[in-house]
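Just below is one structure, and these are the notes that go with it.
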Amino acid sequence: MEVPGLLHRMANLMGIEFHGEVPDEGVVEEVLTEMWKYNQTYQLSQGSAEEKVPVWYIMDEFGSRIQHSDEPTFVTAPFYYIPHQLAYTILWPLRDISNGEEVSRDYTYGERDPLIRNCLLLPWQSVDLSEIDCQTPEPVETHYKSIFAENKETLPHPVEPPLHDKSKIFKVYTDMQQVLNAVDHPRFIFTNEEKEADILFNFSHIKDYKTLSTERPHVLLNQFPCENLLTVKDCLASISRRVGGAEGPKWLPRTFNLKTELPQFIGNFKQREQRGEDNHWICKPWNLARSLDTHVTTSLPYIIRQRESTPKVVSKYIENPVLFHRDDIGMVKFDIRYVVLLRSVRPLKLYAYDVFWLRFANRPFTLDDLDDYEKHFTVMNYAPSVQLKQVHCDEFITLFEKQYPDYPWKSIQDEIFKSFKELFRAACSKPAPLGICDYPLSRAVYAIDLMLKWETDQEGKRAMQPQILEVNFNPDCARACKYHPTFFNDIFSTLFLDETQNCHMTEIL
């Protein structure tokens, strides 16, 4: 729309008829649909999360004309030349080539599994996948064991938790400025010496639990071994199937791992298409926050090609969310963040902080303009030029019950807490590394982001169903500290002193 001549060039490259001078929205849409046959990708291996987001690009007319072959004559690869600040595509032959032979390449380079190759070629050629079973049962034990090995965590030895008297003052070591600034409870003091601490409250991931349990079996931690089963999106979907079977529980949008469940996803997508059901999906990286590299689409080629960049899951996009009326804008999407405390695995003790946080979209919700960030996303606090709407939860409850008088917030929150119970029971139901490790010195704080969607209950009435979107490790608590000065004191009292009196906590389990 903005770069002179670019639409002409792209339309010509893709074989789309366009002869006008002014960009035509219909042709723009066609180019944006067709481009997933031409897009290539690379990403930087270093830098911030933003700098590592995959780059998608299109080769020039020659590069884009190179066709697929199962027995290719050439290979292409992106090459970034730093002195020129320019990316090139390097092309080289795989064998001696005779004059007149075609330059071809393998669009599924590196993939040997015939079924996956067929799936990956679907953007360019029709493939019969009607025989595929769309069921996604929970992965086998070896799946979890390989994730555990990849994470390079070690499991702790069994320890007896030390008994502390009620007057003990705990020395805390932390690398989190928010904690240093916010905790002023008389039973906690900070130390700069990690070795003399009774409590390690770290933002960085603890890996070597084995050594900690052997050398320092009295030290309390703010992390659990194997908690990535909750906080990494593909694992969250896997363990949730312990509750809802192969389809997953009703509180989690149907989710597929694009690396291991691509054929099942394609089969499901095609079935929904045949039945005339909604086919909006959202692709998210396994392990990035703040909506980075997240895509909403109805295009199957678009989703299939996402598999070539960072590891991703694809989840059913909530097409019928419960909306909130903003006086200045109209009916917008919103999501809710609860801070949840895991005190122990055996027995399972779970608390929720009594204040929850809300995030709102900035434009009225409709199921179109899928690349309009301010319509479809609610995370606005990382974009400097974007308006951030803030409403305290007490005010929200009043406004919500006014907008939806038949849905008292207490009953909604009961459903939300019920989903938290089911999730944590599932996550703790098997021994590590298939579940969160029962280490008696571990404690943890998570933030659970969720939305509400409309569905019809067994009596045929409209009901609001919580939808858990993600579970965050060591969440950003700046807003909590600013508006609720006792926030971290309440967390430390609950987790480390087992005292919840006068704390803003609700026991869930």
Side-chain angles (χ1 to χ4, degrees), residues 1-42 54-70 72-78 86-91 100-109 117-129 265-266 269-270 272-274 276-283 293 295-309 314 317 319 363 366-373 375-376:
M1 296 295 277
E2 292 177 17
V3 179
L6 181 61
L7 184 59
H8 267 282
R9 188 175 180 190
M10 289 296 107
N12 286 339
L13 186 146
M14 297 175 191
I16 297 167
E17 289 284 317
F18 175 56
H19 306 293
E21 288 303 315
V22 181
D24 175 290
E25 291 220 6
V27 177
V28 169
E29 279 309 308
E30 213 177 327
V31 164
L32 294 180
T33 302
E34 281 293 298
M35 73 178 183
W36 291 102
K37 292 178 181 173
Y38 298 90
N39 281 346
Q40 311 298 318
T41 187
Y42 67 84
V55 175
W56 289 91
Y57 65 94
I58 288 179
M59 287 195 273
D60 65 12
E61 285 72 5
F62 174 78
S64 293
R65 286 282 180 278
I66 301 172
Q67 297 300 297
H68 166 75
S69 170
D70 289 332
T73 52
F74 280 75
V75 178
T76 61
L86 265 181
Y88 296 87
T89 296
I90 295 184
L91 173 77
E101 272 195 83
E102 184 181 354
V103 174
S104 62
R105 64 185 184 89
D106 182 355
Y107 287 3
T108 62
Y109 181 77
R117 282 182 68 86
N118 273 345
C119 291
L120 294 175
L121 285 171
L122 209 133
W124 298 278
Q125 54 194 45
S126 62
V127 181
D128 181 19
L129 298 168
F265 165 69
I266 293 172
F269 186 98
K270 295 279 193 189
R272 295 181 70 90
E273 199 170 53
Q274 284 160 6
E277 293 173 2
D278 180 84
N279 242 343
H280 286 80
W281 294 82
I282 182 165
C283 281
D293 195 21
H295 310 258
V296 182
T297 183
T298 56
S299 162
L300 185 56
Y302 187 163
I303 297 168
I304 292 170
R305 297 297 309 282
Q306 291 301 313
R307 193 179 183 274
E308 296 169 39
S309 64
V314 59
Y317 186 60
E319 79 275 10
R363 298 204 177 107
T366 50
L367 210 49
D368 55 13
D369 301 327
L370 301 179
D371 55 355
D372 185 341
Y373 185 89
K375 177 188 285 195
H376 291 281

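Everything quoted here is computed from the prediction, not taken from an experiment.
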Checklist entry - Under the 3.5 angstrom rule, does the side chain of Arg305 hit a backbone N or O of Trp36 as a donor-acceptor pair? => result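 Yes, because the side chain of Arg305 sits within donor-acceptor range (under 3.5 Å) of the backbone of Trp36.
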
Checklist entry - So, does Thr41 use its side chain to make a donor-acceptor pair with the main chain of Val55 at under 3.5 Å? => result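 Between the backbone of Val55 and the side chain of Thr41 there is a qualifying donor-acceptor contact (under 3.5 Å).
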
Checklist entry - Looking at residues at least two apart in the chain, or sitting in another chain, which of them share a side chain to side chain donor-acceptor pair (under 3.5 Å) with Asp371? => result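 Partners of Asp371 by the side chain to side chain donor-acceptor pair (under 3.5 Å) criterion come out as none, since no residue qualifies.
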
Next on the checklist: Applying side chain to side chain contact (heavy atoms under 4.5 Å, CB included) to Val314 and Gln306, what does each step give before you reach the verdict?
Outcome noted: CA-CA 9 Å; Val314 59; Gln306 291 301 313; over 6 Å; no

Next on the checklist: According to ring-ring contact (aromatic ring centres under 6.0 Å, His included), who are the partners of Tyr38, at least two apart in sequence or on a separate chain?
Outcome noted: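 Tyr38: no ring-ring contact (aromatic ring centres under 6.0 Å, His included) contacts found.
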
Checklist entry - Going through the distances and angles, do Tyr88 and Leu86 end up as a side chain to side chain contact (heavy atoms under 4.5 Å, CB included)? => result CA-CA 7 Å; Tyr88 296 87; Leu86 265 181; 3.5 Å; yes

If the condition is side chain to side chain contact (heavy atoms under 4.5 Å, CB included), which residues does [X] pass it with, not counting sequence neighbours?
X	result
Leu32	Val28, Glu29, Met35
Tyr57	Gln40, Tyr42, Met59, Pro78, Thr89
Asp24	Phe18, Val27

About how many Å separate [atom2] of [Y] and [atom1] of [X], when rounded to the nearest 0.5 Å?
X	Y	atom1	atom2	result
Thr108	Asp70	OG1	CG	6.5 Å
Met14	Ser64	CE	OG	7.5 Å
His295	Trp56	NE2	CH2	7.5 Å
Ile66	Arg105	CD1	CZ	6.5 Å
His280	Ser299	NE2	OG	11.5 Å
Thr298	Leu370	OG1	CG	6.5 Å

Least distance between heavy atoms, [X] atom then [Y] atom:
X	Y	value
Pro72	Asp106	CB-N, 3.6 Å
Arg65	Asn12	NH2-O, 3.7 Å
Cys119	Ile266	CB-CD1, 3.6 Å
Asn279	Glu273	ND2-N, 3.6 Å
Trp124	Leu120	CZ3-O, 3.2 Å
His68	Tyr107	ND1-N, 3.0 Å

Next on the checklist: In terms of relative ring orientation, are Phe265 and Trp281 parallel, tilted or perpendicular, with 30° and 60° separating the classes?
Outcome noted: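 Rings of Phe265 and Trp281: perpendicular, over 60°.
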
Checklist entry - In terms of the angle between their ring planes, are Tyr317 and His376 parallel, tilted or perpendicular, with boundaries placed at 30° and 60°? => result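 Because their plane-to-plane angle lies in the 30° to 60° range, the rings of Tyr317 and His376 count as tilted.
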
Item to check | Over 12 foreign heavy atoms within 6.0 Å of CD, Glu25 | outcome: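 Counting other residues, nucleotides and ligands, CD of Glu25 stays at 12 neighbours or fewer.
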
Item to check | Salt-bridge criterion met for Asp372 and Arg363 (N-O under 4.0 Å) | outcome: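 Arg363 and Asp372: salt-bridged.
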
Item to check | pair Lys270-Leu300: side-chain heavy atoms closer than 4.5 Å | outcome: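 Touching, per the 4.5 Å side-chain cut-off.
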
Next on the checklist: Quick one, Leu91 with Val103, criterion side chain to side chain contact (heavy atoms under 4.5 Å, CB included). Give me CA distance, side-chain angles, the key distance, then yes/no.
Outcome noted: CA-CA 10 Å; Leu91 173 77; Val103 174; 4.2 Å; yes

Item to check | Of all pairs that satisfy salt bridge (Lys or Arg N to Asp or Glu O under 4.0 Å), the ones with a partner from residues 3-18, not counting sequence neighbours | outcome: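 The answer is Arg9-Glu61.
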
